[in-house]
Trainee: 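One structure, as structure tokens, below. Some questions next.
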Number of protein chains: 2
Amino acid sequence: MAVTEAREPQTPESRRNTRELVLDAALASFGTAGYDGTSLDDLAAGLGIRKQTILYHFVSKRRLLDAVVDRCAGDLAAALEQVLATSRTEAPARASASASSSDWDRVEAMVRVVFRIALERPVLLGLLREVSRPGSPGAVRVRTHLEPLMARARRWMEDEMAAGRMRRTDAQLLLLSAYSTVVGVATEIEVLRAAGVGPTLRPVVRRRAELLRFLRSSLDPSA
Amino acid sequence: MAVTEAREPQTPESRRNTRELVLDAALASFGTAGYDGTSLDDLAAGLGIRKQTILYHFVSKRRLLDAVVDRCAGDLAAALEQVLATSRTEAPARASASASSSDWDRVEAMVRVVFRIALERPVLLGLLREVSRPGSPGAVRVRTHLEPLMARARRWMEDEMAAGRMRRTDAQLLLLSAYSTVVGVATEIEVLRAAGVGPTLRPVVRRRAELLRFLRSSLDPSA
DNA sequence: CCGCCTCCTGACCATCTGGTAGAGAGGCTG
DNA sequence: CAGCCTCTCTACCAGATGGTCAGGAGGCGG
């Protein structure tokens with residue numbers, strides 16, 4: 001009798017999706033309640049699932065966080081990769097009057113794509129904020145993901161500088177500054193939302209414009 | 001035998017300071033490890049004290065957080081109050097060529113004092129960041145502290161606007177934007193520190209300059 | 001000396017935490 | 001049908017956590 005509504009039919013499809021569902025819920029919870037503020041029991045309860053199921057897919061809570069970070073970093077990397085692939089061909093069609101055309105277009109396109117991702121998936125910002133706290137578990141993880149990207153961008157920028165298409169500056173410091181700005185924006189958005197100001201775009205757009213202007217004044221040789 | 005080094009002499013002075021010591025340690029821990037990541041046992045152990053002592057002074061963990069927030073908000077309010085008191089008399093001596101002299105000086109002085117506090121006591125930024133997370137305990141507390149300040153600043157700004165000494169804009173939105181910028185800076189600093197960039201002032205100074213420029217362009221009638 | 005007050009502590013507790021062990025249900029392959 | 005694999009569950013646990021209770025130590029006024 002009591003067994004009637006016991007378990008879901010657990011079709012093959014639903015099975016394969018459990019892992020993704022857990023990842024989604026974990027991302028949301030880690031981003032809002034924080035890592036310590038998230039309990040596996042609550043997480044499971046929110047999915048109508050038992051905690052042991054989570055531990056079956058992700059060996060430990062710590063590894064669940066790692067998986068969440070990995071997936072987000074993967075999404076970001078993929079988006080950036082796509083920008084790098086397309087901007088090379090589409091950029092020349094742009095109407096900008098700036099010098100050294102496509103170089104700056106790539107920088108701008110990447111900044112825009114990062115901000116777009118951040119706005120389209122606000123939970124990512126929450127996670128980024130949580131994980132960027134020094135000493136936080138996952139801070140090292142996110143760092144290992146970001147470091148290759150950073151190193152690559154840095155090499156590219158330094159090549160551009162050497163070729164005279166960018167003004168000479170400290171590429172590392174510039175990248176770090178840009179990164180911290182994005183993280184800062186993440187916090188700003190949450191603060192504004194908490195203050196009742198809805199998903200307002202204005203401050204974000206303003207900050208994006210500031211960042212772009214800062215980068216341009218640092219990099220554009222015609223400035 | 002084993003009782004020899006049992007307890008501190010607990011002079012009247014040390015007694016009265018226990019509460020403050022706990023507040024200091026709690027501020028540091030809440031700001032770095034977060035509220036959930038802080039345990040009363042660890043907190044007490046760090047002070048060579050038993051957890052029950054903490055609970056004696058502050059009835060519960062939650063109230064300890066409230067007390068920490070209260071003290072910080074009090075410090076901030078006091079600093080702002082002092083600026084408001086002194087700027088009125090000292091401002092006229094400034095060599096600025098800007099219009100509507102003392103109004104803008106007050107705005108600038110207040111921005112500077114907030115940033116100075118933030119830099120002199122970095123733990124405050126950690127707490128602000130922790131507490132500004134929507135849904136966080138203490139978020140409502142900090143809000144009740146900030147709302148009167150905000151309302152007061154807003155009224156003052158609107159008076160200035162009405163008198164033509166400030167350009168007309170949405171005061172509320174402007175204040176919120178400024179506030180979120182400060183919170184964002186808090187996160188930025190921690191991110192930079194985590195990335196190995198020491199207590200570098202450059203990004204902070206840059207952001208302060210940006211904020212000031214933004215405020216000026218929004219408020220200065222001669223712009 | 002006595003009682004009282006402040007401050008602190010040891011013993012204890014209910015609850016929640018992440019994590020382990022083992023079994024059951026269903027599908028796939030032989 | 002048998003055996004295996006995948007996925008989820010129930011049952012359980014050791015440790016940590018926030019919090020309660022009663023009591024001890026010292027200062028202080030009577």
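In the text below, chain A, chain B and the rest are named by the order of the sequence lines, each starting its count at 1.
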Trainee: Distance check needed: dG18(C) C1' versus Leu65(A) CG, whole Å only.
Mentor: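 So the two atoms are 14 Å apart, to the nearest Å.
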
Trainee: Take atom CZ of Phe58(A) and atom C1' of dG19(C), then tell me their distance rounded to the nearest Å.
Mentor: 16 Å

Trainee: Verify the contact: side-chain N or O of His57(A) to OP1 or OP2 of dT8(D), cut-off strictly under 4.0 Å; return yes or no.
Mentor: yes

Trainee: With respect to the phosphate group of dC7(C), does any side-chain polar atom (N or O) of Tyr56(B) fall under 4.0 Å of OP1 or OP2?
Mentor: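 So the side-chain polar atoms of Tyr56(B) do come within 4.0 Å of the phosphate oxygens OP1 or OP2 of dC7(C), strictly under.
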
Trainee: Mind checking what makes side-chain hydrogen bond (donor to acceptor under 3.5 Å, both in side chains) contact with Thr53(A), not counting sequence neighbours?
Mentor: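 Thr53(A) satisfies side-chain hydrogen bond (donor to acceptor under 3.5 Å, both in side chains) with no other residue.
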
Trainee: Does a side-chain N or O from Thr18(B) land closer than 4.0 Å to OP1 or OP2 of dC8(C), or not?
Mentor: yes

Trainee: What pairs with Arg213(B) under side-chain hydrogen bond (donor to acceptor under 3.5 Å, both in side chains), at least two apart in sequence or on another chain?
Mentor: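 Arg213(B) satisfies side-chain hydrogen bond (donor to acceptor under 3.5 Å, both in side chains) with no residue once adjacent residues are dropped.
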
Trainee: Rounded to the nearest Å, what distance is computed from the CG atom of residue Asn17(B) to the P atom of nucleotide dC7(C)?
Mentor: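 Rounded to whole Å, this separation is 12 Å.
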
Trainee: For the pair made of NZ in Lys61(B) and C1' in dG19(D), what is the distance, rounded to whole Å?
Mentor: 12 Å

Trainee: Report the distance from atom CG of Asp42(B) to atom P of dA16(D), rounded to the nearest whole Å.
Mentor: 10 Å

Trainee: For Asp41(B) and dT9(C), give me the distance from atom CG to atom P, rounded to whole Å.
Mentor: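 Between P of dT9(C) and CG of Asp41(B): 13 Å.
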
Trainee: List the steps and the verdict of salt bridge (Lys or Arg N to Asp or Glu O under 4.0 Å) for Asp66(A) and Arg62(A).
Mentor: CA-CA 6 Å; Asp66(A) 286 345; Arg62(A) 176 63 201 270; 3.7 Å; yes

Trainee: Between dA22(D) atom C1' and Leu55(B) atom CG, what is the distance in whole Å?
Mentor: 15 Å

Trainee: List in chain and number order the residues that pass side chain to side chain contact (heavy atoms under 4.5 Å, CB included) with Lys61(A), two or more places apart in sequence or in another chain; answer none if no residue qualifies.
Mentor: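 Lys61(A) satisfies side chain to side chain contact (heavy atoms under 4.5 Å, CB included) with Phe30(A), Tyr35(A), Leu40(A) once adjacent residues are dropped.
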
Trainee: Does a side-chain N or O from Ser60(B) land closer than 4.0 Å to OP1 or OP2 of dG18(D), or not?
Mentor: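 False: Ser60(B) side-chain N/O out of range (4.0 Å or more) of dG18(D) OP1/OP2.
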
Trainee: With sequence neighbours excluded, what pairs up with Arg208(A) under the side-chain hydrogen bond (donor to acceptor under 3.5 Å, both in side chains) test?
Mentor: none

Trainee: Might you list the N or O atoms of the protein lying below 3.5 Å from N or O atoms in nucleotides 10-15 of chain C, with each pair's distance?
Mentor:
| residue | atom | partner | partner atom | Å |
| --- | --- | --- | --- | --- |
| dA11(C) | N6 | Gln52(B) | NE2 | 2.7 |

Trainee: With sequence neighbours excluded, give me every ring pair (Phe, Tyr, Trp, His ring centres under 6.0 Å) pair touching residues 110-133 of chain B.
Mentor: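 Residue pairs with at least one partner in residues 110-133 of chain B: there are none.
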
Trainee: Base, sugar-phosphate, or nothing for Leu40(B), non-hydrogen atoms under 4.0 angstrom?
Mentor: sugar-phosphate

Trainee: For a quick test of reading the model: is some side-chain N or O of Ser39(B) closer than 4.0 Å to OP1 or OP2 of dA16(D)?
Mentor: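 False: Ser39(B) side-chain N/O out of range (4.0 Å or more) of dA16(D) OP1/OP2.
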
Trainee: Rounded to whole Å, please give me the gap between CG in Asp36(B) and C1' in dG18(D).
Mentor: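 Taking atom C1' of dG18(D) as the reference, CG of Asp36(B) is at 12 Å.
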
Trainee: Are any side-chain N or O atoms of Asp170(B) and backbone N or O atoms of Leu173(B), one a donor and one an acceptor, separated by less than 3.5 Å?
Mentor: yes

